[in-house]
Amino acid sequence: MLHLDFNKKLPKEFYLRYTSDVAGDLLGKYFVRRIGKNFLAGKIVEVEAYDGSFDEAAHTFIGKTKRNEVMFNDGGILYVYFTYGMHFCCNVVTGKKDEGQAVLIRAVEPILGVEIMAKHRFGKSNLTQNEFRNLTNGPGKICQALRIRRKENGTDLTGDEIFLVDNNKIHSKKIITTTRIGIKKSVDLPWRFYIKDNLFVSQK
DNA sequence: TACTAGATCGGCT
DNA sequence: GCCGATCTAGTAG
C-alpha cells in the first residue's frame with residue numbers, strides 16, 4: 001500500500017532543525033521531482049548529515065563561497081553540487097541562515113515514474129534486475145535518474161517542482177547508524193543513516 | 001565478490 | 001596544479 005499523498009508535503013519548519021535530527025527523520029519520506037506533467041518519486045532510504053560549523057567534511061567548513069552559498073540559507077531548499085567532473089549530488093539544506101548545514105540524499109527506492117528514471121539513467125525503459133537495483137542507489141545516480149543538475153541548485157522545497165512528502169515514520173529498530181562514506185575528514189562522526197535491509201542502500 | 005583505475009572538470013590553494 | 005560528499009568497467013580470485 002503506497003502512502004504517497006501530495007497533500008502531505010513537508011513544511012518549512014521540518015527543515016529548520018539540526019541537520020542530524022532532520023537526517024534521521026528523512027528516512028522513509030518521499031522525494032518528488034516534477035518534470036512538466038510527469039512526477040518522479042523515490043522513498044528516501046539512505047542519508048548523511050553535514051554541519052560546516054565544525055565538520056571538516058562539509059563544503060561549508062571553509063566559509064561562504066560561490067559554490068556553497070546556497071547551503072548557508074535557512075533550511076528548506078535544495079543544495080546541488082557538481083563533483084568528480086561529471087556527477088551531481090543533491091542535499092536538503094537544514095537549520096537556520098548562516099549555519100551551513102545540509103543532509104545529503106544518498107539513496108532512494110524508486111516509487112513513481114520508474115520508466116522515465118530508467119531512460120534518464122540507461123537510455124531505455126526496460127531494465128535488467130541489476131540495472132534496476134542500480135537506478136537510484138547512490139547520490140550521483142539519484143541526480144541522473146531525477147534529472148537534477150546545476151539549474152536545480154537553490155530550489156525551494158515548499159514549491160511544486162521538487163518537494164518532499166511525509167510518510168509513516170520508520171521504526172527506530174530499522175534505522176542503522178554508521179560513519180559517512182567517501183570522505184577523508186571528520187570520518188568518525190556517526191552521521192550516516194539508512195533503512196535496514198533495503199535493496200537500494202548504496203553499501204551495507 | 002573485491003579491488004583498481006580511469007573518466008573529467010570546477011573550485012580552491 | 002591538485003583533488004573531490006562518484007560511478008563504471010575491467011581484472012583477478
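Order of the sequence lines sets the chain letters (A, B, ...), proteins ahead of strands, with each chain counted from 1. Every value quoted in this text rests on a predicted model; they were computed, and no experiment measured them.
- Within 4.0 Å (heavy atoms only), A:R121 reaches sugar-phosphate atoms of the nucleic acid but no base atom.
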In sequence, state the C-alpha distance, the side-chain angles, and the governing distance for A:N153 and A:R150, and then conclude on side chain to side chain donor-acceptor pair (under 3.5 Å). CA-CA 5 Å; A:N153 189 28; A:R150 233 179 283 283; over 6 Å; no

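- Contact of the A:F14 side chain with the A:L164 side chain is not registered, since no non-hydrogen atoms from C-beta on lie closer than 4.5 Å.
- In this structure, the CZ atom of A:R133 is 14 Å from the C1' atom of C:dC7, given to the nearest Å.
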How does DNA chain C read in dot-bracket, base by base from 5' to 3', with Watson-Crick or G-U pairs under 3.5 Å and | used when the partner is on another strand? ||||.|||||||.

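- In this structure the side chain of A:T60 reaches within 4.5 angstrom of the side chain of A:F72, judged on heavy atoms.
- Atom P of nucleotide C:dT6 and atom CD1 of A:I181 are separated by 8 Å, given to the nearest angstrom.
- A:T155 and A:E161 share no side-chain donor-acceptor pair at under 3.5 Å.
- Per the geometry, CD belonging to A:Q144 stands 7 Å off P belonging to C:dT8, to the nearest Å.
- A straight line from CD1 of A:I142 to C1' of C:dT6 spans 12 Å, rounded to a whole angstrom.
- Screening A:D21, A:L26, A:N91, A:V93 for a side-chain contact (heavy atoms from CB on, under 4.5 Å) with A:V103, the sole residue that qualifies is A:L26.
- Nearest to the side-chain atoms of A:L104 among the listed nucleotides C:dC7, C:dA5, C:dG4 stands C:dA5.
- Note that the first and last nucleotides of DNA chain B, 5' to 3', having any atom under 4.0 angstrom from a heavy atom of chain A are B:dA7 to B:dC12.
- No contact: A:N134 has no heavy atom under 4.0 Å from any strand.
- For A:R121 (side chain) and A:A145 (main-chain N/O), no donor-acceptor pair under 3.5 Å exists by modelled atom type.
- Taking atom CZ of residue A:R180 and atom P of nucleotide C:dT6, one finds them 11 Å apart after rounding to whole Å.
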Side chain to side chain donor-acceptor pair (under 3.5 Å) between A:N167 and A:Y30, worked out: CA-CA 7 Å; A:N167 191 12; A:Y30 295 109; 3.3 Å; yes

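- Between the C1' atoms of B:dA5 and C:dC3, the separation comes to 16 Å (whole Å).
- Rounded to an integer number of Å, the gap from NE2 of A:H87 to P of C:dA5 is 13 Å.
- With rounding to whole Å, A:H59 atom NE2 is found 10 Å from C:dG4 atom P.
- When every heavy atom of A:W191 is checked against every heavy atom of A:F54, the shortest pair comes out as CH2-CZ, 3.7 Å.
- For C:dA5, the OP1/OP2 oxygens have no side-chain nitrogen or oxygen of A:K185 closer than 4.0 Å.
- Screening A:L10, A:V92, A:V165 against A:K29 for a side-chain contact (heavy atoms from CB on, under 4.5 Å) leaves a single residue, A:L10.
- Nucleic acid contact for A:G85: base, since at least one base atom lies under 4.0 Å from a heavy atom of the residue.
- Going from atom CD1 of A:I183 over to atom P of C:dC3 covers 17 Å, rounded to whole Å.
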